Each structure stands twice: as structure tokens, then as C-alpha cells.
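Some notes on the structure that comes next.
Treat the numbers as computed from the prediction; the structure is a model and nothing was measured. Labels below follow one simple rule: chain letters A, B, ... track the order of the sequence lines, proteins then strands, and each chain is numbered from 1. Scope of the values below: all heavy atoms of this structure, side chains included, with no hydrogens, waters or symmetry mates.
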2 protein chains.
Amino acid sequence: MEKVSIRDVASRAGVSVSTVSRALSRPEMVSESTRRKIQAIAEELDFSVSRTAGNLKSGKSRRIALLVGSNKIEWFTANIMEGLNSVILDQGYDLVFYPISSVEDRRAFFEELPVRNNVDAVIISSFTATAKEITRLHSAHVPLVGINSPSTLNFSATVHTSDRTGMKLAIRHLSLLGHRKILYIYQTFHSSIKFSSYGRIQAFKDACAKKPGITGIVKSFENPHEAFDALTTGILSEDDPPTAVCVHQDSQALPFLFRAQSIGLSIPDDLSIMGYDDSSFAQDVGLTTIRQDPYAMGREAASKALQLIESREPEIQHEEFPVELVVRRSTGEIRKHQLF
Amino acid sequence: MEKVSIRDVASRAGVSVSTVSRALSRPEMVSESTRRKIQAIAEELDFSVSRTAGNLKSGKSRRIALLVGSNKIEWFTANIMEGLNSVILDQGYDLVFYPISSVEDRRAFFEELPVRNNVDAVIISSFTATAKEITRLHSAHVPLVGINSPSTLNFSATVHTSDRTGMKLAIRHLSLLGHRKILYIYQTFHSSIKFSSYGRIQAFKDACAKKPGITGIVKSFENPHEAFDALTTGILSEDDPPTAVCVHQDSQALPFLFRAQSIGLSIPDDLSIMGYDDSSFAQDVGLTTIRQDPYAMGREAASKALQLIESREPEIQHEEFPVELVVRRSTGEIRKHQLF
DNA sequence: CTGAAAGCGCTTACAG
DNA sequence: CTGAAAGCGCTTACAG
């Protein structure tokens with residue numbers, strides 16, 4: 001059985017190619033009897049329309065590119081993808097994933113713009129491009145939607161959550177529990193891409209600075225396992241050590257939680273720990289965290305992209321999604337005679 | 001700046017469209033001077049070749065579909081995708097993700113075969129289609145590659161790991177530690193798709209049956225949190241309770257680990273716990289597990305798909321990937337006077 | 001090394 | 001309601 005094209009169906013049905021095309025894509029334009037015959041034959045021949053041809057005609061590719069600053073698909077990215085897929089697949093669009101893990105990747109991407117005639121919209125998650133790079137996209141008439149982009153400049157539309165709000169919630173929560181010295185830890189980024197996550201670190205510092213009596217300390221680590229030990233030792237040896245720790249994201253908090261317990265610290269009595277994200281297992285381990293909803297952001301980014309593709313301006317060009325404090329067992333009141 | 005086509009470049013360079021096409025896709029066929037001029041003009045005009053047109057000509061779409069039995073992208077699927085991407089992106093192929101979450105979805109997919117003229121290969125991960133469905137794919141000349149498919153029948157090629165081997169390793173490990181009564185727990189699947197994971201459960205039963213003196217019990221649960229309590233209560237109230245638990249996959253073991261600890265069980269002294277996968281956090285929490293490598297399987301599946309697209313038979317049609325026992329802190333020797 | 005022409009598989013104004 | 005024809009943007013035998 002060789003490839004069957006619209007012509008095979010036409011000749012078999014004794015009608016023109018145009019009629020077959022109409023019968024299949026705009027059936028109301030064709031008389032019932034011919035339509036029926038054509039549809040029967042199409043089924044019999046296992047024929048289905050090639051999108052490529054239609055795309056050529058329309059000048060659209062029915063594809064949307066997702067640029068992510070890493071080739072790892074972790075919780076956040078997976079949820080973004082699920083959200084995007086949940087809206088675009090039904091509209092006949094496909095998602096194409098482009099991992100961009102270095103400034104060089106990014107430059108290559110925007111210089112070659114493989115996307116120009118090959119994608120109807122570009123969505124960038126959690127990093128940004130230079131103004132010049134973005135301009136080139138625009139000049140190719142490709143809408144650009146940002147997700148948690150460090151800057152919204154030049155984007156056709158964006159969705160984001162506020163790290164400032166998130167960190168404010170975290171600091172207030174800890175402050176209410178009586179904590180005064182708070183440590184922020186994150187795993188060093190090894191990408192040359194400017195991640196939006198850096199903003200979270202700054203947001204922590206600012207939130208602490210604004211809250212009188214609170215001291216915020218920021219430390220980074222390379223490898224969770226060795227470094228946690230070093231950090232813990234550091235904490236233990238200080239005279240006035242932090243009583244609470246904010247971890248950059250839930251997935252990095254998990255090993256910390258275990259490490260802390262394994263050296264005999266009881267959580268939250270000896271140390272309060274907070275994560276960020278409310279990702280899948282945060283509930284399982286009782287981690288207090290700041291919830292964000294990348295699935296919802298993905299859906300909205302997709303719908304904005306779709307609108308832009310149809311040359312409609314989204315009602316809200318830059319949309320903020322809420323963050324929420326989720327209190328669980330890993331944070332608690334500071335104790336009078338805290339272990340440290 | 002309007003859409004620029006190959007014609008614009010040609011007229012600007014004073015050459016024919018054919019020459020521009022060659023200068024860009026097979027530069028060695030064009031004299032250096034014309035090539036240079038054309039490339040300069042292409043760059044100046046921000047021109048890049050539309051893939052769609054080329055695809056029409058070649059009859060290929062340069063896209064590979066990944067069918068997954070869920071719209072959630074969890075550890076396994078994410079790693080498969082990363083593996084696939086790591087080989088196909090460089091070859092100019094894109095990955096298209098089709099979540100298939102019900103038998104209806106699946107039937108719709110294979111009946112409409114949106115894929116027929118629109119995708120060069122189909123990769124199915126962890127579930128399978130009926131023989132008839134697969135035949136239709138074949139008749140459309142679309143190679144089908146399976147990943148951990150319950151049956152390898154009719155697949156052009158497959159990659160898989162052996163759950164039998166994995167469970168054998170697990171049972172041997174526990175048996176060597178002195179465990180005699182072993183519980184297997186898994187979260188109920190709510191999909192109507194036949195997942196490959198069911199095989200793992202059977203493999204557990206078989207492994208226990210083959211090992212004299214070992215009793216294996218299988219239980220499922222709906223919601224991790226309520227159900228773990230019920231299970232634990234059940235365990236605690238039995239006269240001769242299991243001393244070790246195998247959890248279907250690491251992500252389901254995590255809550256169990258925490259639950260167990262929260263009711264005062266010490267792991268592994270009171271209870272040994274094993275996972276399956278060796279996913280990201282297994283190391284963090286010290287979970288003994290069976291390691292599999294979906295990233296490597298994804299890479300191999302991709303390379304088999306690519307070979308099949310080029311009508312080459314893969315050297316190994318059905319390739320098995322190793323599983324490995326990874327011993328960590330969550331399993332230990334059975335104690336003389338085990339708590340239960 | 002280069003150009004004119006055919007054609008990939010459709011869709012869609014334009015006529016009838 | 002239907003058909004003939006043009007055309008989407010390229011690639012590639014075929015000539016020269």
C-alpha cells in the first residue's frame with residue numbers, strides 16, 4: 001500500500017481534487033451525496049490530509065516553540081509543558097521543545113532563527129534574550145511570549161509570578177514564628193543563561209532588609225551532599241546561628257531535610273525549613289513552601305500565544321499569577337532555648 | 001519588513017532561485033563568489049529556509065511523535081524525552097508529544113492517524129496498541145518504536161528493561177537480609193490504558209514464588225496519604241507482619257518513607273523499604289532502589305527510529321537495557337526482635 | 001557552475 | 001455545488 005494522496009481519492013470518487021479537499025475540510029460546502037462517497041473512499045484508502053501541504057499554503061506551521069534554559073525537564077518545565085499542551089493540542093498545534101543551555105546556544109538560535117519560517121510563536125521560559133535578539137524575532141513576525149522572564153521588555157505578552165511577593169510571604173511567616181536570623185541557600189547555576197531564579201535571591205534579600213530585626217544570609221552550594229554538611233557544620237559552630245532556612249526550590253530542600261535529620265536535628269524544633277514551588281512531593285514530606293502554579297501559567301501563555309498568532313491582542317498583556325503560602329510541618333515557632 | 005522568500009534573495013543577488021537553494025543547502029555545488037554573495041544577502045535580509053516547503057518535496061515531516069499514556073510528565077517520561085531530544089534535535093528532527101490517557105484517545109489517534117502524513121516515526125512509551133492499530137500505522141509506512149511495551153509484537157523496534165530482573169534483584173537483596181514476608185504496594189492506575197507497569201507487579205509475585213520461604217503480598221492504594229495510614233495500621237495489627245516493603249516506584253515510596261517515620265517506625269530497623277527507578281531524589285533520601293536509565297533508552301529509541309526512517313534495519317531490533325540494584329539506607333538486616 | 005521547469009500535496013479564489 | 005487553475009516555497013533532475 002503506497003502513499004495515498006488527495007488525487008487518489010479524487011480519481012477513485014470520480015470528482016475533482018478540489019471537491020475532495022472541500023469534502024474533508026469544509027464539508028458544508030459539498031452536497032451530501034458526494035461528501036458521503038468521498039468520506040467513505042477516504043476511509044477505505046486510509047487517507048488523511050497532509051498538514052505540510054496546507055501549512056505551505058497558509059504560511060503557518062501550526063507549531064509553537066518552547067525555549068527553556070536547560071535540557072533537563074524538571075517539575076517546573078514539565079508543568080509548563082503540560083499546561084501548554086493542554087491548550088494547543090486541541091487547536092491543532094504542536095509544541096516543539098528547544099533546550100538552550102548556554103549563551104552560545106541562545107545566540108545560535110537567534111542568529112539562525114531556525115524558527116523564522118518554521119514556528120508560529122515562541123515561548124521563552126525563565127530566561128530572556130537580548131533586546132536585539134528579540135527584535136529579530138519580531139521582524140520575522142513571530143510573537144514572543146515570556147514565562148517568568150527577568151524582563152518583560154519587548155515581549156509580545158508575558159505571564160509571571162512575583163518572587164517578591166513569594167519571599168515576602170515566606171519572611172513574614174518566619175518572622176511571625178519568631179525567627180530573626182534566616183539563611184537562604186541555593187544550588188549554584190552552571191548555565192551561562194541568566195535565569196529568572198536569580199530574582200528570587202534578590203527578593204529574599206529585599207524582604208529581609210525591609211523587615212526590621214530580621215537578618216538574611218545567602219549561601220550557595222555546588223553539590224547538595226557535601227555542601228549541606230559544610231553548611232550545617234557552619235551553622236552549628238556559629239554563636240548566633242540562623243534558626244530558619246529558606247531553600248531556593250523544593251527539590252533542593254528535600255536532601256537538606258534529610259541531611260538535617262540525619263545529624264540529629266529535629267525539624268522544625270531545632271530548625272525551620274521552607275521550600276519554594278509546592279512541587280509534587282512537598283506535601284508528602286510536610287514541607288512548608290510557597291506555591292506557584294506553572295500549569296496554569298502554561299495554559300495562559302498558550303492562549304496568549306494563540307491570540308497573537310491570530311493577530312489579536314491578549315486582554316492582559318502582562319499577567320501576574322498568584323503565589324501562596326502553604327504551611328506544613330517543616331516550620332515552627334522559634335523555641336526559647338533553641339538547640340543552637 | 002515582510003516575509004522574505006527565497007525569491008527575494010535570488011532577485012537581490014541576481015541569480016536564480018535554484019542557485020540560492022543550492023548555495024544554502026549544498027554550498028559545495030556553487031562557486032565561491034556567488035555563494036558568498038548569496039549568503040551575505042540572505043543574512044542581510046534575515047532569510048532562513050522554510051522547512052515546510054522542503055518537507056513537502058521530500059515527503060518527510062522531520063517530526064517524530066512520542067505517545068505517552070498520560071498527560072503528566074513525570075520522571076520517567078521526562079527522561080525519555082530528554083534522551084530522545086538529545087539525539088533527534090541535532091539531526092533536524094522535532095519531537096511531538098501526544099498524551100493518550102484513555103482507550104478512547106488511543107482509538108481516536110489510531111483511527112484518525114493524524115500522524116500518517118505528518119510524522120516520520122512514532123514512539124510509544126510504556127503502553128501498547130492493538131495489533132490492528134499497529135497494522136494501520138505500518139500500512140502508512142510509519143515506523144513504530146516501543147519503549148517498555150508490554151508486548152513487542154509488530155513493533156519495528158523496541159527498547160526495554162526487564163522488570164523480572166529488577167524484581168529478582170530486589171527480592172534477592174531482601175532475602176539475603178533475612179526478610180521472609182514482603183509487601184508490594186502500588187498506587188491504583190486510573191487510566192484505561194494498559195500500562196507496562198502492571199508487568200512489574202507480576203514480576204514481583206513471580207520472584208517471590210520462585211524463592212522458597214518468601215511470601216509476597218500485593219496491595220494497591222488510591223490516595224497515598226489516607227491509604228498509607230490504613231496499610232500501616234494493617235501491618236501493625238498483624239501477628240506476623242511483613243518486614244519489608246517494595247514500592248512500585250520511587251516517587252510513591254517517598255510519602256511512605258515519611259509516613260512510616262511519622263508513626264515512629266525507624267527505617268530500616270523496624271521496616272525495610274525499597275523503591276524502583278533510582279529517580280532524582282532516591283539518593284537524597286537514602287532509598288534502596290532498582291535503577292533503570294530511561295535517558296539512555298530514549299537515546300537508543302531515537303536512534304532506532306532514525307535508522308528506520310532511513311529504511312535501515314537497526315542492528316538490534318529488540319534491545320534490553322540493564323537494571324541495577326542500588327543499596328542505600330532504607331533497607332537493612334531483619335532484626336532478631338523486630339518491632340512488629 | 002547555473003538556470004528553467006516540474007512538482008511535492010494541498011487550498012482557494014474564480015468561473016460556471 | 002463543482003471544476004480548472006494558480007500558487008504556497010522550496011528542491012532537484014535535466015540541460016546547457
Revision key, fill the gap. Whole-Å distance, Leu24(B) CG to dC10(D) C1', equals 11 Å

Practice item. Look up atom CD1 in Ile88(B) and atom CD1 in Ile64(B), then write down how far apart they are to the nearest 0.5 Å. Key: 4.5 Å

Practice item. Report the nucleotide, chosen from dC10(C), dT12(C), dC8(C), that has the shortest atom-to-atom distance to any side-chain atom of Leu56(B). Key: dC8(C)

**Study point:** Bracket notation of DNA chain C in which parentheses pair within the strand, [ ] cross earlier pairs, and | pairs with another strand (Watson-Crick or G-U, under 3.5 Å)
**Key:** |||.||||||||.|||

Revision key, fill the gap. Result for 5'-nearest mapping on DNA chain C, choosing between Gly14(B) and Ile6(A), is Gly14(B)

Check your understanding: With respect to the side chain of Thr19(B), which nucleotide from dT12(C), dT2(C), dC10(D) is positioned closest?
Key -> dT2(C)

Review point. Do Leu95(A) and Ile123(A) have side-chain heavy atoms sitting under 4.5 Å apart?
Key: no

Check your understanding: So, is Ser31(A) close to the dT2(D) phosphate, meaning a side-chain N or O under 4.0 Å from OP1 or OP2?
Key -> yes

Practice item. Consider the side chain of Val49(B), meaning its heavy atoms from C-beta on, and name the nucleotide among dC1(C), dC10(D), dG3(C) that approaches it most closely. Key: dC10(D)

Exercise for review: Scan Glu319(B), Glu320(B), His318(B) and name whichever one has a side chain to side chain donor-acceptor pair (under 3.5 Å) with Thr158(B).
Suggested key: His318(B)

Check your understanding: Once you round to the nearest 0.5 Å, how far does CD1 of Ile6(B) lie from CG of Leu45(B)?
Key -> 12.0 Å

Practice item. Can you tell me the distance, in whole Å, between the CZ atom of Arg62(B) and the P atom of dC10(D)? Key: 16 Å

Revision key, fill the gap. Here the pair of heavy atoms bringing Leu66(B) nearest to Ser125(B) is CD1-CB, 4.2 Å

**Study point:** d(CG, Asp8(A); C1', dG9(C)) in whole Å
**Key:** 11 Å

**Study point:** Lys72(A) with Glu74(A): basic N within carboxylate O range, under 4.0 Å
**Key:** no

With a 3.5 Å cut-off and sequence neighbours excluded, list the donor-acceptor pairs that the side chains of residues 19-26 of chain A form with protein atoms.
{"residue": "Thr19(A)", "atom": "OG1", "partner": "Ser16(A)", "partner atom": "OG", "Å": "3.1"}
{"residue": "Ser25(A)", "atom": "OG", "partner": "Ser21(A)", "partner atom": "O", "Å": "2.8"}

Check your understanding: Can you check the Arg26(B) CZ to dG3(C) C1' distance for me, whole Å?
Key -> 15 Å

Check your understanding: Is there side-chain contact between Val145(B) and Val122(B), with heavy atoms separated by less than 4.5 Å?
Key -> no

Polar atoms only, N or O, under 3.5 Å: list the protein pairs with nucleotides 4-7 of chain D and their distances.
{"residue": "dA4(D)", "atom": "N7", "partner": "Ser18(A)", "partner atom": "OG", "Å": "3.3"}
{"residue": "dA4(D)", "atom": "N6", "partner": "Ser18(A)", "partner atom": "OG", "Å": "2.9"}

Exercise for review: Answer yes or no: does a side-chain N or O of Arg35(B) lie under 4.0 Å from OP1 or OP2 of dC1(C)?
Suggested key: no

Check your understanding: Nearest to the side chain of Val15(B) - dG3(C), dT2(D), dT11(D)?
Key -> dG3(C)

**Study point:** Distance in angstrom units between Arg51(A) CZ and dC10(C) P, rounded
**Key:** 14 Å

Practice item. Could you state the atom-to-atom distance from CG of Asn55(A) to C1' of dC8(D) in whole Å? Key: 11 Å

Practice item. Grab the CD1-P distance between Ile38(A) and dT2(D) for me, whole Å please. Key: 7 Å

Point to revise | Side chain proximity check, Glu313(A) to Leu308(A), heavy atoms < 4.5 angstrom | key: yes

Point to revise | Sugar-phosphate only, base, or nothing, as touched by Ser58(B) at under 4.0 Å among non-hydrogen atoms | key: nothing

Review point. Where the side chain of Asp120(B) meets the backbone of Arg62(B), is there a donor-acceptor pair that is under 3.5 Å apart?
Key: yes

